[in-house]
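Bear in mind the structure is a predicted one, so any value in this text is a computation, not a measurement. We're numbering straight along the sequence, starting at 1.
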Amino acid sequence: MSAAAIEFRPKSDFLAALIERGYLHQCSDLEGLDAKAKAGELIAYIGFDCTAASLHVGSLLPIMMLTWLQKTGGKPVPLMGGGTTRVGDPSGKDEARKILSIEAIGQNKEGIKRVFSKFLKFGDSKTDAVMPDNAEWLTKLNYIDFLRDVGRHFSVNRMMSMDSVKLRLERDQELSFIEFNYMCLQAYDFVELNKRYGCIAQMGGSDQWGNIITGIDLGRRMGTPQLYALTSPLLTTASGQKMGKTHAGAVWLEADMCSPWDYWQFWRNAEDADVARFLKLFTFLPMDEIARLAALGGAEINEAKKVLANEATALVHGREAAEQAAETARKTFEEGVAADTLPTVEISAAEMEAGVGVLTAFVQAGLVASTGEARRQIKGGGLRVNDAPVTDERGVLRAADTRDGAIKLSLGKKKHVLLKAR
């Protein structure tokens with residue numbers, strides 16, 4: 001956070017929450033944005049390209065910013081990038097994004113909509129969220145008219161200085177012409193959203209600062225009212241890992257892509273140094289309660305982690321699913337039983353009777369990515385079957401190994417899957 005932000009004393013509940021909880025990295029005009037928020041006139045957007053069937057934990061911070069905007073009297077606009085997804089944002093990437101079909105983009109958009117329905121209230125009132133798709137205007141642009149009316153306002157010299165372009169070129173990685181145009185389209189989105197919905201602010205991660213500022217400059221040249229930029233810090237864990245990534249891949253915000261149990265476990269396994277920060281960013285707990293939890297030391301930090309897991313899971317999957325995951329964890333770790341609410345993988349009865357190689361079983365369960373990784377885990381004592389260490393990589397699991405109708409597979413102390421015959 002900038003020194004100016006630390007010294008700034010907000011009058012609006014929105015900026016007060018963002019500063020107090022650690023969301024704010026940069027802002028183009030803190031006082032101006034604060035005045036708009038205080039007056040209940042803040043309409044702000046964040047763009048989400050439709051590159052996957054859902055959003056993952058890496059997108060949770062901007063989602064929370066939009067949610068705080070609505071909770072404090074502003075109007076959030078999550079913008080679907082049905083148009084820009086066809087181009088690809090080069091920011092932070094060493095290669096061009098895979099070009100998706102129109103059908104795939106549409107399917108991805110529907111999955112992303114489901115995520116936002118858990119966080120925002122949509123409707124027609126002043127603070128209700130709206131979810132436009134930039135394909136509505138980008139796909140209707142005439143190329144020559146766009147070059148004449150919009151393109152003339154962009155400086156190639158300035159575009160070449162943007163990190164999204166400069167870093168790619170410095171690494172001697174090819175930057176396609178279509179990607180080079182991405183910032184022009186993002187800037188035009190800002191102008192179009194101001195015309196259509198009265199958006200005066202764009203928010204995003206700190207890597208988007210240059211693109212957002214370009215939109216403000218384009219707006220000024222094209223006669224829009226004053227526009228604002230606000231960015232959040234790029235989030236990594238205390239150990240420097242990218243937020244939301246695990247050995248098994250991304251932590252998705254859809255139950256059929258990441259079960260409530262796995263989602264709960266992700267937060268429960270947070271590093272000690274991250275707990276207080278994550279409670280501020282990814283829950284709505286009062287700050288005094290967060291301060292109390294952050295003060296816990298030693299083994300008591302695990303209680304704070306359980307609260308983090310419960311609250312974060314409830315936001316995405318509902319309170320009942322969060323409580324069920326917590327109870328499953330209690331039974332599994334405190335009572336040592338194979339709770340029937342653990343994630344389950346089913347195989348045919350014939351397969352179970354014939355026997356499944358232990359390496360294959362752990363891969364099928366999603367606990368390891370490959371048989372090679374399973375072998376490495378066995379050598380390190382990391383794999384267990386029915387709570388007993390696996391020592392023979394050539395071992396075979398059969399129906400005789402079932403306990404209460406399932407075989408419990410474990411990676412370390414905290415990751416468990418039940419293998420059942422269907």
Any residue meeting side chain to side chain donor-acceptor pair (under 3.5 Å) with Arg277, in chain and number order, not counting sequence neighbours: Asp274
Residues pairing under salt bridge (Lys or Arg N to Asp or Glu O under 4.0 Å) where one sits in residues 289-300, two or more places apart or in two chains, turn out to be Glu289-Arg292
Give a yes or no on whether the backbone of Lys280 and the side-chain of Arg21 come within a donor-acceptor separation of less than 3.5 Å. yes
Should the pair Lys140 and Trp137 be classed as cation-pi, given the thresholds of under 6.0 Å to the six-membered ring centre and 45° from the axis? no
Apply the test side chain to side chain contact (heavy atoms under 4.5 Å, CB included) to residues Thr139 and Arg86: give CA-CA distance (whole Å), side-chain angles for both, the deciding distance (0.1 Å), then the verdict. CA-CA 10 Å; Thr139 57; Arg86 306 182 196 185; 3.5 Å; yes
Got a salt bridge between Lys305 and Asp272, using NZ or NE/NH1/NH2 to carboxylate O under 4.0 Å? yes
Closest approach of Cys50 and Leu100, non-hydrogen atoms and distance? O-CD1, 3.7 Å
Near Lys118 NZ, under 6.0 Å, is it more than 12 heavy atoms from other residues, nucleotides or ligands? yes
Listed by chain and number, what are the side chain to side chain donor-acceptor pair (under 3.5 Å) partners of Arg376, not counting sequence neighbours? none
Using only atom types and a distance under 3.5 Å, with no angle test, would you say the side chain of Glu351 pairs donor to acceptor with the backbone of Ser348? yes
Does Val417 reach the side chain of Leu411, with side-chain heavy atoms less than 4.5 Å apart? no
Distance-only, no hydrogens or angles: does the Gln70 side chain make a donor-acceptor pair with backbone N or O of Thr127 under 3.5 Å? yes
Step-by-step side chain to side chain contact (heavy atoms under 4.5 Å, CB included) determination, Leu285 to Glu311: CA-CA 8 Å; Leu285 288 176; Glu311 296 301 314; 4.0 Å; yes
Do NZ/NE/NH1/NH2 and the carboxylate oxygens of Glu41 and Lys36 come within less than 4.0 Å? yes
Could you name each residue pair satisfying ring pair (Phe, Tyr, Trp, His ring centres under 6.0 Å) that touches residues 294-331, not counting sequence neighbours? Tyr263-His317
Students often mix this up, so state it plainly: with edges at 30° and 60°, are the rings of Phe116 and Phe48 parallel, tilted or perpendicular? perpendicular
Worked check of side chain to side chain contact (heavy atoms under 4.5 Å, CB included) between Asp34 and Phe8: CA-CA 10 Å; Asp34 189 46; Phe8 180 69; 3.7 Å; yes
Contact between Gln324 and Pro260 at the side-chain level, heavy atoms closer than 4.5 Å - yes or no? no
Counting N and O atoms only, with roles assigned by atom type, does the side chain of Thr231 sit under 3.5 Å from a partner on the main chain of Ser206, one being a donor and the other an acceptor? no
When you compare the side chain of Leu235 with that of Leu281, does any pair of heavy atoms fall below 4.5 Å? yes
All pairs passing salt bridge (Lys or Arg N to Asp or Glu O under 4.0 Å) where residues 125-138 contributes a residue, at least two apart: Lys109-Asp133, Lys121-Asp128, Glu136-Arg196
CA sep, side-chain torsions, deciding dist, call: Leu230, Ser28, side chain to side chain contact (heavy atoms under 4.5 Å, CB included): CA-CA 7 Å; Leu230 187 151; Ser28 60; over 6 Å; no
Qualifying ring pair (Phe, Tyr, Trp, His ring centres under 6.0 Å) pairs, either residue in residues 190-231, two or more places apart: Tyr45-Phe190
Quick one: pull up CG in Leu234 and CG in Asp207 and give me the separation to the nearest 0.5 Å. 4.5 Å
Just wondering, do Val150 and Met222 contact through their side chains at under 4.5 Å, heavy atoms? yes
Donor-acceptor pair, side chain of Asn134 and main chain of Asp189, under 3.5 angstrom: no
Of the options Asn269, Asn310, Thr328, which is the one that meets Trp264 in a side-chain hydrogen bond (donor to acceptor under 3.5 Å, both in side chains)? Asn310
Would you say the side-chain atoms of Thr360 pair up with the backbone N or O of Val356, donor to acceptor, closer than 3.5 Å? no
Any side-chain donor paired with an acceptor under 3.5 Å for Gln186 and Gln208? yes
Backbone of Gly81 reached by a side-chain donor or acceptor of Thr85 within 3.5 Å: yes
Glu31 atom CD: more than 12 heavy-atom contacts under 6.0 Å: no
Taking Met183's backbone N and O only, do any of them form a donor-acceptor pair with Asn211's side chain (distance below 3.5 Å, no angle check)? no
Yes or no on ring-ring contact (aromatic ring centres under 6.0 Å, His included) for Phe14 and Trp68, after CA distance, side-chain angles and deciding distance? CA-CA 7 Å; Phe14 176 62; Trp68 274 109; 8.8 Å; no
Taking the side chain as every heavy atom from C-beta outward, state whether Ile112 and Met80 have any atom pair closer than 4.5 Å. yes
